[in-house]
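This is a predicted model, so every value here is computed, not measured. Side-chain atoms are counted along with the backbone in the values below, which use heavy atoms only and exclude waters and symmetry mates.
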Amino acid sequence: MNSSTTAIWDFDGTLGHRRYGTWAECLLEVLDIEEPGYRWTFPEMFDALATGFPWHAAQEPHPHLSDPDAWWDHITGVVAQALARLGISRPQAVAAATRATYTDPAAWSLYPQTLRVLDRLTAHGWTHVLLSNHVPELPELLSTLGIGTRFRAVINSAASGYEKPHPQAFQFARTAAGPAHRLVMIGDNPRADAAGARRAGIDAIWVRRDHHTDTPDLDAAARILLTPEPMANGRRPALHEVPPLQPTAPTALPIR
């Protein structure tokens with residue numbers, strides 16, 4: 001395999017995940033401590049947090065939030081407003097506890113295939129770039145999970161000010177990859193990862209997660225990457241769709 005092949009990876013939902021997988025679960029964990037016996041359900045919290053985060057308005061750059069404290073001040077405000085709409089009695093106190101709870105390293109883990117797949121691809125000459133819409137503490141989480149040194153570069157929207165699928169996010173990844181003759185984006189989000197990459201002229205592998213508890217099939221993605229692809233020569237960027245490894249029951253809440 002030619003060394004100028006680069007895989008651009010999403011993180012959350014693709015290589016790793018936070019327990020239970022959503023911001024709504026994080027807020028319910030905080031409520032367990034701040035307001036024990038609360039009456040709000042997961043679907044109610046999920047819907048309340050469906051707007052206001054930077055990735056919900058990916059067309060709008062936010063370099064003014066590139067300082068970690070500024071980023072979290074913004075998020076805390078969004079969360080507090082959502083909690084107030086739900087009628088939670090102390091929305092500011094609950095929102096203020098979100099940062100420590102969400103970024104607790106003990107809450108994060110890699111999918112079972114992640115390290116094996118990254119190392120297998122590296123052995124075949126692939127380099128790796130991480131492109132993620134994430135929290136400012138992403139580099140520290142990667143280090144704790146033992147995965148950070150596997151990437152040539154980590155491009156995090158909280159630091160860059162550009163959320164996928166904004167074209168500039170993919171331009172950052174392309175620049176970090178260097179003169180690669182083959183670039184492929186691998187991610188679980190059909191809009192931010194797959195469609196965004198293809199609009200930027202980059203092939204995409206959509207590792208589907210139909211529900212937030214699904215596990216992406218990274219081995220299947222690796223098999224696609226290790227299959228020779230024709231040079232672009234003006235062709236439309238390819239899209240490969242990979243079903244989840246372990247589909248969950250249809251009653252699970254779908255991903256937004």
Side-chain angles (χ1 to χ4, degrees), residues 9-31 34 40-88 91-104 107-108 130-142 154-170 172-173 187-197 209 211-213 253-256:
W9 296 91
D10 171 55
F11 176 67
D12 194 358
T14 300
L15 296 176
H17 61 103
R18 192 183 182 281
R19 60 186 171 216
Y20 312 122
T22 70
W23 282 84
E25 288 286 357
C26 174
L27 265 295
L28 293 178
E29 291 174 30
V30 175
L31 285 174
E34 298 289 338
W40 297 278
T41 64
F42 176 85
E44 288 175 317
M45 188 65 70
F46 190 87
D47 288 340
L49 299 173
T51 60
F53 287 80
W55 43 85
H56 292 142
Q59 74 280 4
E60 300 175 10
H62 52 84
H64 59 290
L65 299 180
S66 59
D67 174 79
D69 289 338
W71 193 92
W72 276 108
D73 284 348
H74 173 77
I75 296 300
T76 299
V78 169
V79 170
Q81 291 176 18
L83 298 179
R85 289 194 297 270
L86 287 174
I88 291 173
Q92 290 291 345
V94 175
T98 304
R99 182 175 187 173
T101 303
Y102 193 84
T103 61
D104 177 9
W108 290 87
L130 193 72
L131 179 62
S132 181
N133 296 347
H134 218 277
V135 301
E137 291 81 0
L138 176 61
E140 290 78 13
L141 292 173
L142 297 175
V154 173
I155 302 161
N156 181 12
S157 63
S160 73
Y162 290 88
E163 307 284 334
K164 295 175 297 182
H166 195 289
Q168 185 59 48
F170 291 95
F172 286 146
D188 70 303
N189 190 300
R191 175 177 168 271
D193 297 322
R209 290 194 312 120
H211 307 285
H212 74 277
T213 51
L253 194 65
I255 292 173
R256 293 198 174 215

Q | From NE2 (His74) to CG (Asp69), nearest 0.5 Å | A | 14.5 Å
**Q.** Set of residues satisfying side-chain hydrogen bond (donor to acceptor under 3.5 Å, both in side chains) with respect to Gln81, sequence neighbours excluded
**A.** none
Q | Which atom of Gly52 lies closest to which atom of Val78, heavy atoms considered | A | O-CG2, 3.3 Å
**Q.** Close side-chain approach of Thr101 to Leu27, heavy-atom, < 4.5 Å
**A.** no
Q.
Glu137: which residues meet the side-chain hydrogen bond (donor to acceptor under 3.5 Å, both in side chains) condition with it, sequence neighbours left out?
A. Trp72, Arg99
Q: Please list, chain by chain and in numerical order, all residues satisfying side-chain hydrogen bond (donor to acceptor under 3.5 Å, both in side chains) with Thr51, sequence neighbours excluded.
A: none
**Q.** Step-by-step side chain to side chain contact (heavy atoms under 4.5 Å, CB included) determination, Met45 to Leu83
**A.** CA-CA 8 Å; Met45 188 65 70; Leu83 298 179; 3.8 Å; yes
Q. What's the shortest heavy-atom distance between Pro91 and Ala84, and which atoms?
A. CB-N, 3.8 Å
Q) Hey, mind stepping through Ile75 and Tyr102 against side chain to side chain contact (heavy atoms under 4.5 Å, CB included) and telling me if it holds? A) CA-CA 12 Å; Ile75 296 300; Tyr102 193 84; over 6 Å; no
Q. Can you check whether Phe11 reaches Leu142 side chain to side chain, under 4.5 Å on heavy atoms?
A. yes
Q) Is there side-chain contact between Pro61 and Gln168, with heavy atoms separated by less than 4.5 Å? A) no
**Q.** Pair Ser132, Asn156: side-chain N/O donor-acceptor within cut-off below 3.5 Å
**A.** no
(Q) Thr14 vs Arg209, test: side chain to side chain contact (heavy atoms under 4.5 Å, CB included). Steps then yes/no. (A) CA-CA 9 Å; Thr14 300; Arg209 290 194 312 120; over 6 Å; no
Q: Apply side-chain hydrogen bond (donor to acceptor under 3.5 Å, both in side chains) to His134 and list each qualifying residue two or more places apart in sequence or on a separate chain.
A: none
Q. Does some side-chain heavy atom of Asp10 sit less than 4.5 Å from a side-chain heavy atom of Leu131?
A. no
Q: Kindly determine whether Thr98 and Thr76 satisfy side chain to side chain contact (heavy atoms under 4.5 Å, CB included), including the steps that lead there.
A: CA-CA 7 Å; Thr98 304; Thr76 299; 5.8 Å; no
Q.
Which heavy atom of Pro165 sits nearest to which heavy atom of Ala58, and what is that distance?
A. CD-CB, 3.6 Å
Q) Closest heavy-atom contact between Ala82 and Ala48? A) CB-O, 3.4 Å
Q) Which side-chain hydrogen bond (donor to acceptor under 3.5 Å, both in side chains) pairs, counting each pair once, include a residue from residues 52-64, with sequence neighbours left out? A) His62-Glu163
Q: Nearest 0.5 Å please: distance from the CG atom of Leu138 over to the CG atom of Asp12.
A: 9.0 Å
Q | Sole candidate of Asn133, Asn189, Ile155 that passes side-chain contact (heavy atoms from CB on, under 4.5 Å) when paired with Lys164 | A | Asn133
(Q) Using 0.5 Å steps for rounding, measure from the CG atom of Leu130 to the CH2 atom of Trp9. (A) 10.0 Å
Q. Of the non-hydrogen atoms in Leu141 and Thr103, which two are nearest, and what is the gap between them?
A. CD2-O, 3.6 Å
Q: Please list all pairs passing the salt bridge (Lys or Arg N to Asp or Glu O under 4.0 Å) test where one or both residues lie in residues 13-31, with sequence neighbours left out.
A: Arg18-Glu29, Arg19-Glu29
Q | Exercise: identify the closest heavy-atom pair between Ser160 and Phe172 | A | CB-CE1, 3.8 Å
Q: Answer whether the closest heavy-atom distance between the side chains of Trp71 and Pro54 falls below 4.5 Å.
A: yes
(Q) Just to verify, which of Trp23, Phe42, Phe46 counts as forming a ring pair (Phe, Tyr, Trp, His ring centres under 6.0 Å) with His212? (A) Phe42
